[in-house]
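Below you'll find the structure, written out as structure tokens, and then a few comments.
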Amino acid sequence: MGALQVMLPLLVLLAAAARLVAAAGARPSEVAVGALFTYDSTIGRAARLAIELAVDDVNADRTVLAGTQLKLITQDTNCSGFLGTIEALQLMENNVVAVIGPQSSGIGHVISHVVNELHVPLLSFAATDPTLSASEYPYFIRTTISDYFQMNAVASIVEHYQWKEVTAIFVDDDYGRGGVSALGDALAEKRARISYKAAIPPNSNTDMINDVLFRANMMESRVMVVHVNPDTGMSIFSIANKLQMLASGYVWIVTDWLAAVLDSSASRDLKYMSHIQGLIVLRQHTPESAAKNKFISKWNGVARNRSITSGLNSYGFYAYDSVWAVAHGIDQFLNSGQQINFSTDPRLHDSNGSNLQLSTLKIFDGGEQMLQQLLLTNFTGLTGPVQFNSDRDLVRPAYDILNIGGSGSQLIGYWSNYSGLSVTAPEILYQKPPNTSSFVQRLHNVVWPGDSTTTPKGWVFPNNGQPLRVGVPMKASFKELVAGGRGPNNVTGYCVDIFNAAINLLPYPVPCQFITIGDGTKNPNYDDIINMVASNSLDAAVGDFAIVRNRTKIAEFTQPYIESGLVIVAPVKQATSSAWAFLKPFTLEMWCVTGALFLFVGIVVWILEHRTNEEFRGSPRRQVITIFWFSFSTMFFAHRQNTVSALGRFVLIIWLFVVLIINSSYTASLTSILTVQQLATGITGIDDLISSALPIGYQAGKFTRNYLIEELNIPESRLIPLNTIQEYADALKHGPKDGGVAAIVDEMPYVDIFLSYHCNFRVVGQEFTKEGWGFAFQRDSPLAADLSTAILQLSESGQLQRIHDEWLTRSSCSSDDSEVGATRLGLGSFWGLFLVCALICLLALLVFFIRVCWQYSKYSNSEAAGEPSAADANAAAAAVAADAAERQRRPSRLGSFKELIQFVDKKEEEVRRTMKRRSSEKDNQPAGSSDVQSVVSA
């Protein structure tokens, strides 16, 4: 039993090995592989020889398909969808396991339906249409780079040079439409767009191409992206040259078809080279390698032997790698034990009398397994890593970026899906983390059409004869800003003059047609005018348009040409004079505290100076008078008494600083009260306006209404629209009680004009928003950027200010809100200053009393030490007898509070003399006193 358990695994292994040997023995001697392409074409001539060489190399390599040969069957599609379909059906009759091709995206769409039904994988080395997707065509595998990536490379170039619009010139078939659709998506991600699509019908003659290019040249964009077929595309440039579309100022970005044409040309002295100078051309990037150089040498040698005049292009490399991908897939398919079998489809049968022979088309039974093996392909070919991602695209798409000049091209950079534009080869960048720094050089210098080295701005004003449609609001008032005349172009005003001055600075002519919006009796809605620009009813809007958030979402604004912010205008009244006006600068509380502080400081200085300064001594009546006189005379810095103590001088310096501030504040407040105007409604700022329930006026049609409702949450019922300056004045004069408004919220330029006519109103508070006025254009319009530059030029030259002075400077009332609503000064403005002053006074008193107590202690001790010198020596016995009682008696060296007060009242000089005299008497005591002391001690 144990031996059987040991032998059983060995038997299983032997059986598996036997099956493998049997399977290997069942490998076919040859496998048929088809190829579909147009023999006589730029791509086909390079691919045909490359495919044949690849088949020879595979059959000669014993490490791949050992014992099995590839049998190549080719069919010519003749650049025709119909013939290509017929050729594909004929190819399928040969029981091929895979098809290499086609090169045309249009034929790829048709043939993909065929291979889907017959389960034959289709590997295209040149069908780049992004719409050939795996979800719709599961048996389609693209072994070249999809135009999805090529159009992303084009969009990166457009973004690099900061262009916003391009004109797409493309062939109107599946290949062209699919590529342009991908270009539109890629540009949208870069905030750019295709402004015009110039579709060229397939097989167009010269006249048709001329008509398409002529219409494209009438548009404003000068960035041309050309995506056509290589065999007919060169005629575009000869026609464009005749239309002077290859002159300075134009940009031509051409997809990889032109690189294929140039690489396939035997020599570069083509008659077309003079027509393509300055173009930017993309080409699939294939890294340099020994295998690639060996293949190029081999291809050129065979081509010479066969008298092939065209050269090798990058599509030939992809065709070569496609054969090797098929070989690796078949090898893995056979190694897995699969058999190559075909079966008939019962749905395919010949109808009565039909000669189509549909029954010869058979289904590849192992097609699904073959497809999976091909998708798992992973090897390094001539084009780099041949490996597919989940979307069945090659894992490392990259392009060379060329600049045509002279008789050849100059490599100016690369693009890869990994790191974008770069001057470093993608295979090097793949070994490093992606670098998105804006300081990295993306492309080398370019020589543009017209032999110019200056980067074209990429657009001009359209040459289609249509003037710029400029909308101008017809306002009921504020004619200084913008006003309409009798004719459509007879518009005037500050805003219009600035627009015209900026237009005149542009380096190209811009004809304008002014279109007035509104009837002049009521203000038009400014948001509606901006919406007209966004919906292409207008090309631009000129006037007093504030640049606010919701408008920038749908339109492009220029640099602001004037600052603007919302302010509040309120009625004011002249303050009436009063006999007691001199008391108004301070509140009652402020007066009381200030007076108390004057007395407090006077008492503190008196205390600090009384013992040392003769001017602060005398009779009680004189000292009280001195305190009051000194206190209030400091208000005018007229005090006569000198301070001699350090503490007194310190307190006086602090107090004089406080008095200086109080005097200055009182003077300023009194001046303001006697000259200012008082607000009639009591509104002093935006907070008061929001918290009140009073009606608010605003200019009809402006953004102010939406701002008050949406941002400040003011009910719409409180808002009253006003149109003219007179309506402003009437509403403010009537006030809330008579159907008017308490205040008006409007932008500062309007308020300045209004106040120049009416002096009994004032701006209250500060600007509570910050905006500016600009000219509106359609989104991504290049005119907005150029006009912004022109406005900056006007500002730097001073012309902007001169236009402002011409229209908006006139004699007006002062609108300084410092003259409005002066308020009385209260304790809240000074309590910090008063607190500091009081604390300093208390600190000075504390230091003073500590010093006095210390002196009093020394004074009392000296008095006690001098008493034995006056006693008689005969009193020694009595002293001894009274010793016990003296010990029990409570010490009272400091004396009573009355004695302390008397000490404080003494002059400090007198105290010092007394203490000095007592010290001398102690030193001169008779020697007998020492005997008395010894007796007492005993």
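Atoms considered below: every heavy atom in the structure, side chains included; atoms not considered: hydrogens, waters and symmetry mates. The shown structure was predicted, so the numbers you read here are calculated from the model rather than taken from an experiment.
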> Is the backbone N or O of V166 less than 3.5 Å from a side-chain atom of S195, with the two atoms forming a donor-acceptor pair by type?
Replying inline: yes

> Donor-acceptor pair, R142 side chain versus L132 backbone, under 3.5 Å?
Replying inline: yes

> Considering only heavy atoms from C-beta outward, does the side chain of T455 approach that of V446 to under 4.5 Å?
Replying inline: no

> Got a second to check how far L794's CG is from I803's CD1, nearest 0.5 Å?
Replying inline: 6.0 Å

> Taking everything shown except K479 itself, do over 12 heavy atoms lie less than 6.0 Å from its NZ?
Replying inline: yes

> What closest approach, in Å, do Q284 and S314 show between heavy atoms, and which atom pair accounts for it?
Replying inline: OE1-OG, 2.6 Å

> Is a salt bridge present between R177 and D174, judged by a nitrogen-to-oxygen distance below 4.0 Å?
Replying inline: yes

>> The criterion is salt bridge (charged side-chain N to carboxylate O under 4.0 Å, His left out); which residues satisfy it with E767, sequence neighbours excluded?
In response: K770

>> Does atom CD (E563) have a neighbourhood of more than 12 heavy atoms from anything else shown, all under 6.0 Å?
In response: no

> Does the S537 side chain pair with the main chain of V533, one donor and one acceptor, at a distance under 3.5 Å?
Replying inline: no

> Yes or no on ring-ring contact (aromatic ring centres under 6.0 Å, His included) for Y526 and F545, after CA distance, side-chain angles and deciding distance?
Replying inline: CA-CA 7 Å; Y526 278 47; F545 290 93; 4.9 Å; yes

> Salt bridge check: are R283 and D263 linked by an N-O gap of less than 4.0 Å?
Replying inline: yes

> For T42, does its backbone N or O pair with a side-chain atom of N313 as donor and acceptor, under 3.5 Å?
Replying inline: yes

>> With side-chain contact (heavy atoms from CB on, under 4.5 Å) as the criterion, how do V225 and T167 come out once you've worked through the C-alpha distance, each side chain's angles and the decisive distance to 0.1 Å?
In response: CA-CA 6 Å; V225 179; T167 294; over 6 Å; no

>> Are more than 12 heavy atoms, taken from residues, nucleotides or ligands other than N203, located less than 6.0 Å from that residue's CG atom?
In response: no

> Do Y750 and W773 have their ring centres less than 6.0 Å from each other?
Replying inline: yes

> Can you name the nearest heavy-atom pair linking L246 to F237, along with the distance?
Replying inline: CD1-O, 3.6 Å

> From D147 CG over to L183 CG, what is the distance, rounded to the nearest 0.5 angstrom?
Replying inline: 10.0 Å

>> For the CZ atom of R193 and the CZ atom of R779, what is their distance to the nearest 0.5 Å?
In response: 11.0 Å

> Any Lys/Arg nitrogen of K475 or D544 sitting under 4.0 Å from an Asp/Glu carboxylate oxygen of the other?
Replying inline: yes

>> Measuring centre to centre across the rings, with the benzene-like ring taken for any Trp, is F775 within less than 6.0 Å of Y561?
In response: yes

> Under a 4.5 Å cut-off applied to non-hydrogen side-chain atoms, are W252 and I169 in contact?
Replying inline: yes

>> Using the rule given for side-chain contact (heavy atoms from CB on, under 4.5 Å), can you reason through M208 versus V212, listing the C-alpha separation, both sets of side-chain angles and the distance that settles it, and then say yes or no?
In response: CA-CA 6 Å; M208 297 176 67; V212 170; 5.7 Å; no

>> If you define the side chain from C-beta out and look only at heavy atoms, does anything of M474 sit under 4.5 Å from I517?
In response: no

> Hey, is the main chain of A784 close enough, under 3.5 Å, to the side chain of S788 for a donor-acceptor pair?
Replying inline: yes

> Is there a side-chain contact between L783 and E220, using heavy atoms and a 4.5 Å cut-off?
Replying inline: no

>> If you compare all heavy atoms of S422 against all heavy atoms of L429, which two are closest, and at what distance to 0.1 Å?
In response: OG-CD1, 3.4 Å

>> Within a 6.0 Å radius of atom CG on D451, are there more than 12 heavy atoms belonging to other residues, nucleotides or ligands?
In response: no

> Are D746 and Q699 linked by a side-chain donor-acceptor pair shorter than 3.5 Å?
Replying inline: yes

> Can you find a heavy atom in the side chain of V228 that is under 4.5 Å from one in the side chain of T255?
Replying inline: no

> At what distance, to the nearest 0.5 angstrom, does CZ of R469 lie from CG of D539?
Replying inline: 4.0 Å

>> Are more than 12 heavy atoms, taken from residues, nucleotides or ligands other than Q162, located less than 6.0 Å from that residue's CD atom?
In response: no

> Parallel, tilted or perpendicular: which fits the ring planes of W448 and W163, with parallel below 30° and perpendicular above 60°?
Replying inline: perpendicular

> At what distance, to the nearest 0.5 angstrom, does NE2 of H109 lie from CG of D173?
Replying inline: 9.0 Å

> Of the non-hydrogen atoms in V180 and K197, which two are nearest, and what is the gap between them?
Replying inline: CG1-CE, 4.0 Å

> Does S105 reach the main-chain N or O of Y175 with its side chain, forming a donor-acceptor pair under 3.5 Å?
Replying inline: no

> Between E771 and T769, is a side chain to side chain donor-acceptor pair (under 3.5 Å) present by the stated rule, with each step listed?
Replying inline: CA-CA 7 Å; E771 297 94 24; T769 65; 2.8 Å; yes

>> Has N723 got a side-chain atom pairing as donor or acceptor with N523's backbone, closer than 3.5 angstrom?
In response: yes

> Between the side chains of E556 and S781, does any donor sit under 3.5 Å from an acceptor?
Replying inline: no

>> Do I412 and D400 make a side-chain contact, defined as non-hydrogen atoms from C-beta onward lying under 4.5 Å apart?
In response: no

> For the side chain of N229 and the backbone of D231, is there at least one donor-acceptor N/O pair under 3.5 Å apart?
Replying inline: no

> If you round to the nearest 0.5 Å, how far is CG of D786 from OG1 of T558?
Replying inline: 11.5 Å

> What do the steps show when you test V470 against I515 for side-chain contact (heavy atoms from CB on, under 4.5 Å), and what is the final call?
Replying inline: CA-CA 6 Å; V470 181; I515 302 172; over 6 Å; no

>> So does D527 get a backbone contact from the side chain of N531, meaning a donor-acceptor N/O pair under 3.5 Å?
In response: yes

>> Set out, in order, the CA-CA distance, both residues' side-chain angles and the distance that settles side chain to side chain donor-acceptor pair (under 3.5 Å) for Y698 and N706, then state yes or no.
In response: CA-CA 10 Å; Y698 69 94; N706 292 339; over 6 Å; no

>> I need the minimum non-hydrogen distance between L411 and H444, along with the two atoms involved.
In response: O-CD2, 4.1 Å

> Is the shortest heavy-atom distance from the side chain of D528 to the side chain of M532 under 4.5 Å?
Replying inline: no

>> For the residue pair R396 and Y430, would you count it as a cation-pi contact if the rule is NZ or CZ under 6.0 angstrom from the ring centre and within 45 degrees of the ring axis?
In response: yes

> Can you list the steps and then say if L566 with F703 is a side-chain contact (heavy atoms from CB on, under 4.5 Å)?
Replying inline: CA-CA 10 Å; L566 292 178; F703 80 98; 4.1 Å; yes

> Of the non-hydrogen atoms in S235 and I209, which two are nearest, and what is the gap between them?
Replying inline: OG-CD1, 3.6 Å

>> Any heavy-atom pair between the side chains of I145 and Q150 that's under 4.5 Å?
In response: no

> Mind checking whether F149 and W415 have parallel, tilted or perpendicular rings, split at 30° and 60°?
Replying inline: tilted

> Are any side-chain N or O atoms of D256 and backbone N or O atoms of A259, one a donor and one an acceptor, separated by less than 3.5 Å?
Replying inline: no

> Do NZ/NE/NH1/NH2 and the carboxylate oxygens of E711 and R549 come within less than 4.0 Å?
Replying inline: yes

> Is there a donor in the side chain of Y148 and an acceptor in the side chain of D391, or the other way round, less than 3.5 Å apart?
Replying inline: no

> Would N210 and R215 satisfy side chain to side chain donor-acceptor pair (under 3.5 Å), going step by step from the backbone distance to the final call?
Replying inline: CA-CA 9 Å; N210 185 84; R215 290 197 302 269; over 6 Å; no

